[in-house]
Amino acid sequence: MLLRLLTPLLLSCVALGAQDSADNLLVLTVATEETDGFRRFQRSAQCFNYKVKILGQEEEWHGDGQKVRLLKAALEQYADNEDLVILFTESYDVVLASGPAELLKKFKQAKSKVVFSAEAVAYPERRLEPKYPYVSEGKRFLGSGAFIGYASHLHKLVAEWDGDDETSDQLFYTKIFLDPVKREKVNITLDHRCRIFQNIHGSEGDVVLKFENGRVRARNMVYDTLPVLINGKGPSKLLLNYLGNYVPRVWTFETGCVICDEGLRSLSGLKTDDSFPLVVVGIFIEQPTPFVSEFFKRLSNLQYPKKRIQLYIANHETHHQKHVEKFLQVHSLEYNNVKYVGPEEALSNFAEARNAGMDICRQNPECEYYFSIDVQVVLKNSSVLRTLIEQNKSILAPMVSRNQDLWSNFWGALSSDGFYARSEDYIDIVQRQRM
Ligand SMILES: *[C@@H]1O[C@H](CO)[C@@H](O)[C@H](O)[C@H]1NC(C)=O
Ligand SMILES: *[C@@H]1O[C@H](CO)[C@@H](O)[C@H](O)[C@H]1NC(C)=O
Ligand SMILES: *[C@@H]1O[C@H](CO)[C@@H](O)[C@H](O)[C@H]1NC(C)=O
């Protein structure tokens, strides 16, 4: 496993082309941190040329009410704008599945000035359920994770906000919606049938991937709709991660993985050995293992400047003492640094030894990568460390499978109690059909 402990990862989406941009549509979102989830959202938005404005950057996060405060402040300048349509959405757990043209068309078809996403359960106050208008089909309750409306009407919607950052945005919007006078004045409706917004929390079984020509969407099978925006907050985040591996254009049958080769970091241009990233290599001998000397031979043959490698070797087997010592006698001075923890220093459990290896990298400001390898692993390609670093990813782990057998260290999905669950793409992934 290779872990990068320093810089975060930013991948830009390959734009589909400019055909789908819209001048009278603006996306507002709140992101106080640039998480991986935020970058996924951003990539999906770029894919369709959405115009996105990020609110709350550099602010500390206090709670959901902060989103209303930031939206209210951002809307001041659009108070009288009757033409501009604004999509307000969360971003950490959200993926856009289609472009501005379709979004605007569906918004106009809803024939309301403001459209909120809908949920299957009233939250945070279930006792408000009976107050909701009856609907013959679809989800009945308001979800504040995403909504769309004319700027002037959104301005009216949040005008009364004076709550604390810690209070519930969803309750604030719910109370406006449940007041018939305010509902009519702001002119709010809910997207009951997920034509625009898909909240997958509580409706995990409703959604399947739909592969189109060079693009992927999620289809709601209950209402037979193709939502434009998918929100996977709470426990449904796992399902969103799965959908987000495809939607809108991350992996397709036509192209394979679209984003995997973005932002590669080539090491071939480096002129001197000193300019290579410093790597801590953690080596673990946990039990008696055959061919330990061969392991060390391959280690010393790695195509990587040894002056840029720090070794950390944790060995629990007295029997292997001699193999480690023989290797160190010959090679230890070639390395940037070596730390050896032998059986006599045996830590009570091996997990601690593994954590200690990672700590060596964390505590050294120069360390960019941590490469963890157990002694029974055979590195067949001596360029492997370079090749892994050139992928420029935050974490890379191997997928190990048994030949002719559906057994692997990789799980496509987790059940709700944290055990193995079979994902729809599991077999294709294990058979390396989705690369
Ligand atoms: C490698 O990834 C980092 C962090 O995501 C990014 O800033 C950098 O531009 C990437 N390197 C290249 C050469 O693209
Ligand atoms: C919103 O306005 C339209 C007319 O523009 C009207 O038909 C509809 O009933 C209104 N909706 C609400 C919830 O007031
Ligand atoms: C090692 O891996 C690199 C990068 O994938 C590849 O170009 C090279 O041919 C491989 N070498 C061997 C001996 O397999």
Side-chain angles (χ1 to χ4, degrees), residues 2-14 33-43 46 82-83 85 106-118 131-136 138 140-142 147-150 152-154 156-157 173-193 196 250 256-271 275-279 297-299 301-304 367-371 377-396 398-399 432 435:
L2 183 79
L3 256 174
R4 182 178 47 211
L5 296 167
L6 284 179
T7 37
L9 189 75
L10 186 96
L11 289 169
S12 68
C13 182
V14 181
E33 271 182 85
E34 230 190 67
T35 61
D36 284 348
F38 174 74
R39 281 183 214 111
R40 171 179 59 194
F41 170 79
Q42 220 181 12
R43 189 195 293 125
Q46 277 168 359
E82 309 263 342
D83 301 318
V85 176
K106 287 179 167 175
F107 168 59
K108 284 178 181 156
Q109 284 169 348
K111 293 189 169 30
S112 285
K113 305 294 188 202
V114 175
V115 180
F116 270 83
S117 69
K131 295 203 154 71
Y132 269 87
Y134 170 78
V135 294
S136 57
R140 189 170 158 207
F141 308 107
L142 176 143
F147 48 91
I148 182 168
Y150 287 100
S152 49
H153 287 75
L154 291 181
K156 273 187 238 171
L157 172 73
Y173 295 124
T174 298
K175 283 180 172 163
I176 295 175
F177 180 73
L178 293 181
D179 178 331
V181 176
K182 290 181 182 168
R183 176 162 72 229
E184 200 184 316
K185 182 169 151 242
V186 185
N187 197 259
I188 311 173
T189 187
L190 307 186
D191 181 34
H192 301 289
R193 298 175 63 247
I196 301 176
V250 177
C257 178
V258 176
I259 65 164
C260 292
D261 289 335
E262 283 176 13
L264 299 182
R265 168 182 190 171
S266 170
L267 299 180
S268 53
L270 299 180
K271 297 237 161 28
S275 38
F276 277 72
L278 186 81
V279 184
K297 210 174 291 165
R298 284 188 301 267
L299 180 71
N301 284 337
L302 269 188
Q303 300 298 306
Y304 202 86
C367 178
E368 268 193 78
Y369 293 93
Y370 180 65
F371 185 44
V377 172
V378 179
L379 296 177
K380 288 165 79 175
N381 186 320
S382 61
S383 319
V384 63
L385 188 50
R386 282 181 75 122
T387 313
L388 289 173
I389 290 174
E390 288 183 327
Q391 297 300 305
N392 201 20
K393 299 284 187 282
S394 342
I395 298 180
L396 283 167
M399 182 173 70
R432 298 178 193 273
M435 312 187 18

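Here, residue 1 is the first one in the sequence, and each next residue gets the next number. All ligand and atom numbering here is 1-based and tracks the order in the structure.
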*Relative to the ring of F141, is the ring of Y132 parallel (under 30°), tilted (30 to 60°) or perpendicular (over 60°)?*
perpendicular
*Specify side chain, backbone, both or neither for I188, according to which of its non-hydrogen atoms lie closer than 4.0 Å to ligand 2.*
backbone
*For atom 2 (O) of ligand 3, is the nearest protein heavy atom under 4.0 Å away?*
yes
_Residue N187 vicinity, atoms of ligand 2 by number, heavy atom under 4.0 Å_ = 1 (C), 2 (O), 3 (C), 8 (C), 10 (C), 11 (N), 12 (C), 14 (O)
*Minimum heavy-atom distance between D191 and S117, given as atom pair plus value*: CB-CA, 4.5 Å
*Sub-4.0 Å protein heavy atom next to atom 14 (O) of ligand 3*: yes
*Could you tell me whether E262 and K393 make a salt bridge, using a distance below 4.0 angstrom between a side-chain N and a carboxylate O?*
no
_Any N/O pair R265/ligand 1 closer than 3.5 Å_ = no
*Identify the protein heavy atom lying closest to atom 4 (C) of ligand 3, giving its residue, its atom name and the separation to 0.1 Å.*
T387 OG1, 3.8 Å
*Check whether more than 12 heavy atoms from other residues, nucleotides or ligands sit under 6.0 Å from atom CE of M399, and answer yes or no.*
yes
*Geometric class of the Y150/F107 ring pair [parallel <30°, tilted 30-60°, perpendicular >60°]*: tilted
*asked:* For atom 12 (C) of ligand 3, which of the options V384, N381, L388 provides the nearest non-hydrogen atom?
replied: N381
*Going by the order shown, which atoms of ligand 1 are within less than 4.0 Å of some heavy atom of L264?*
12 (C), 13 (C), 14 (O)
*May I ask whether atom 8 (C) of ligand 3 is less than 4.0 Å from at least one protein heavy atom?*
yes
*Is it true that a side-chain atom of E390 and a backbone atom of L267 form a donor plus acceptor pair closer than 3.5 Å?*
yes
*Any chance the rings of F116 and F177 have centres within less than 6.0 Å?*
no
